Amino acid sequence: MARESIRNKVTITEIARQAGVSVPTVSRVVNGRSDVSPETRARIEDLLRHHGYRRKPSAPGDRAALIDLVFNDLDSPWAVEIIRGVEDVAHAAGVGTVVSAIHGASGSARQWMTNLRARASDGVILVTSVLEPRLHEELRRLGVPLVVIDPAGSPSLDAPTVGATNWAGGMAATEHLLGLGHRRIGFVAGPPRLLCSRARLDGYRAALEGAGVEVDDALIVPGDFYHQAGFDGCNTLLDLAEPPTALFAASDQMALGAIEALRRRGLRVPEDMSVVGFDDLPEVRWSAPPLTTVRQPLADMGKLATRTVLRLALGEEPASPRVELATELVVRASTAAPAV
């Protein structure tokens, strides 16, 4: 009886720790699922036998495989493109997706963690968000793998990241405007807490410096990636004694806000001001005029993050811990040479 009692006390968490894998990976072996590599399965099975772990009988309603996709907010078509990429890969793998928004609030993040524990998620994809260290440690303790898309701060050493070549994209957009003959180029920045925002600004600065054009800080205005910030930022630039002849916005939504600010002042794009965005959201090819922008492979970023988190959930190593997918300048009708 004593031996049987000791055997019944072993937990999946302890088995996972000894096997060097996540809790969901052990759970998959216990539940007889096939999506575990033979080597990992054998190691876990040996530990289960060694500890005399008793599997519970399977029953209808046992949970399906799940991954969590977590945003700060969901009020952007940018998020929809990420979701589309994640869903494509998850659906093909027979994995469900739980989409959450934590709104940057610690209470909301803690509630999400409580819900995650209850549903025993197989992995987490975090998008431009920051978890409290305590919650990050809780994920680690539970053995739930984490992948970060567009890390908000310095990438964590123990979480793979997926991003885009934001610096190169910022440089390409600015070089395009310089090549058209613009020398006073305004920039509406993204949130400074995000690495992608800072990289786009650095690319803008690098292109100006490379062309021998002095960086004028008066032409750089703050933004937050949303329409209103682009509208307000463009108005700020237009109120300068010498307004810019072109504007580069660090997101498509801000670029569309800038175009609306110009329209309300009776100014035309690109005749009175050229405008470039960043993202290449589906809507911008239908804007008036169609928007020149830097294409960010949002859906592909979601796909790669999902493949990576599923590899980690299987106890495998990621193909690469840091990946940046290429951006591409897409020239449409919102840019032209400055008026003489």
Side-chain angles (χ1 to χ4, degrees), residues 67-88 90 96-113 115-116 124-132 135 147-153 162-164 166 169 188-201 221-235 247-261 263-264 275-288 291 293-303 305-306 327:
I67 58 173
D68 270 63
L69 176 60
V70 185
F71 293 86
N72 244 357
D73 294 290
L74 286 168
D75 55 352
S76 166
W78 180 91
V80 173
E81 291 299 298
I82 296 283
I83 293 170
R84 185 165 62 84
V86 170
E87 275 289 291
D88 282 352
T97 307
V98 179
V99 180
S100 304
I102 58 176
H103 309 294
S106 59
S108 178
R110 285 194 292 269
Q111 182 59 53
W112 164 75
M113 180 62 79
N115 296 339
L116 179 137
V124 172
I125 299 172
L126 190 67
V127 186
T128 62
S129 302
V130 178
L131 285 182
E132 300 174 18
L135 296 180
V147 175
V148 181
I149 294 177
D150 264 349
V162 177
N166 290 287
V188 185
R193 67 181 180 84
L194 298 180
L195 284 177
C196 61
S197 297
R198 301 198 295 272
R200 291 170 200 178
L201 174 56
V221 295
D224 60 7
F225 288 161
Y226 293 99
H227 294 92
Q228 187 67 51
F231 182 87
D232 294 341
C234 184
N235 278 320
L247 181 149
F248 170 30
S251 78
D252 283 349
Q253 286 182 284
M254 292 197 299
L256 295 177
I259 290 173
E260 177 61 15
R263 186 191 69 81
R264 292 193 191 183
V275 178
V276 179
F278 200 110
D279 285 329
D280 196 27
L281 298 176
E283 66 197 83
V284 302
R285 67 196 66 180
W286 303 108
S287 63
L291 184 68
T293 188
V294 176
R295 177 177 294 152
Q296 184 175 200
L298 297 169
D300 288 341
M301 289 160 64
K303 290 177 182 179
T306 307
T327 52

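Note that the structure is predicted; figures quoted are calculated from it, not measured.
- In this structure, the side chains of Asp252 and Trp78 stay at 4.5 Å or more apart for every pair of heavy atoms.
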Could you walk me through whether Val70 and Ile102 satisfy the side-chain contact (heavy atoms from CB on, under 4.5 Å) test, starting with their C-alpha distance in whole Å, then the side-chain angles of each, then the deciding distance to 0.1 Å, before giving a yes or no? CA-CA 7 Å; Val70 185; Ile102 58 176; 3.7 Å; yes
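- To the nearest 0.5 Å, atom CD1 of residue Ile83 and atom CG of residue Leu74 are 5.5 Å apart.
- Looking at heavy atoms from C-beta onward, Gln296 lies out of side-chain contact with Cys196 at the 4.5 angstrom threshold.
- Remark: Glu81 CD to Leu281 CG distance equals 7.0 Å, nearest 0.5 Å.
- Side-chain atoms of Arg198 come within 3.5 Å of backbone atoms of Arg193 as a donor-acceptor pair (strictly under, hydrogens ignored).
- Taken to the nearest 0.5 Å, the CG atom of Leu256 stands 5.0 Å off from the NE2 atom of His227.
- Every side chain to side chain donor-acceptor pair (under 3.5 Å) that Asp232 has, sequence neighbours left out, goes to Gln228.
- To the nearest 0.5 Å, atom CE of residue Met301 and atom CD1 of residue Ile82 are 5.0 Å apart.
- Remark: Glu87 pairs with no residue by the salt bridge (Lys or Arg N to Asp or Glu O under 4.0 Å) rule, at least two apart or across chains.
- Heavy atoms only, all atoms of each residue included: Ile149 and Gly302 are closest at CD1-CA, 4.1 Å.
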Evaluation steps, side-chain contact (heavy atoms from CB on, under 4.5 Å), between Ser100 and Leu69: CA-CA 6 Å; Ser100 304; Leu69 176 60; over 6 Å; no
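- Applying the ring-ring contact (aromatic ring centres under 6.0 Å, His included) rule to Phe278 yields no partners; only residues at least two apart in sequence or on another chain are considered.
- For the side-chain contact (heavy atoms from CB on, under 4.5 Å) criterion with Leu116, the lone passing option out of Leu135, Val98, Val124 is Val124.
- Under the side chain to side chain contact (heavy atoms under 4.5 Å, CB included) criterion, Thr306 pairs with Ile67, Val86, Val89, Ala90, Ile125, Leu310, sequence neighbours left out.
- In this view, Arg264 and Phe231, Glu260 satisfy the side chain to side chain contact (heavy atoms under 4.5 Å, CB included) rule, not counting sequence neighbours.
- The CG atom of Asp150 lies 6.0 Å from the CG atom of Asn166; values are rounded to the nearest 0.5 Å.
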From CA spacing to verdict: side-chain contact (heavy atoms from CB on, under 4.5 Å), Asp75, Tyr226: CA-CA 10 Å; Asp75 55 352; Tyr226 293 99; 3.1 Å; yes
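- Across Thr293 and Gly277, no two heavy atoms sit closer than the pair OG1-C, 3.0 Å.
- Between Trp112 and Asp68 there is a side-chain heavy-atom pair separated by less than 4.5 Å.
- Here the closest non-hydrogen pair linking Ser197 and Phe225 is OG-CZ, 3.2 Å.
- A distance-only check finds a donor-acceptor pair linking the side chain of Arg200 to the backbone of Ala250 [under 3.5 Å].
- The minimum heavy-atom distance linking Ala229 with Gly223 is given by the pair CB-CA, 3.8 Å.
- Proximity of Glu283 to Ser287: side-chain heavy atoms (C-beta onward) are nowhere separated by under 4.5 Å.
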List the steps, then state whether side-chain contact (heavy atoms from CB on, under 4.5 Å) holds for Arg285 with Asp280. CA-CA 8 Å; Arg285 67 196 66 180; Asp280 196 27; 4.2 Å; yes
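- Between Ser76 atom OG and Asp279 atom CG the span is 7.5 Å, to the nearest 0.5 Å.
- Under the side chain to side chain contact (heavy atoms under 4.5 Å, CB included) criterion, Val221 pairs with Val188, Thr236, Leu237, not counting sequence neighbours.
- Here the side chains of Leu291 and Trp286 are not in contact, with every heavy-atom distance at 4.5 Å or above.
- Residue Pro77 comes nearest to Gln253 through the heavy atom pair CD-NE2, 3.7 Å, listed as atom of the first residue, atom of the second, then distance.
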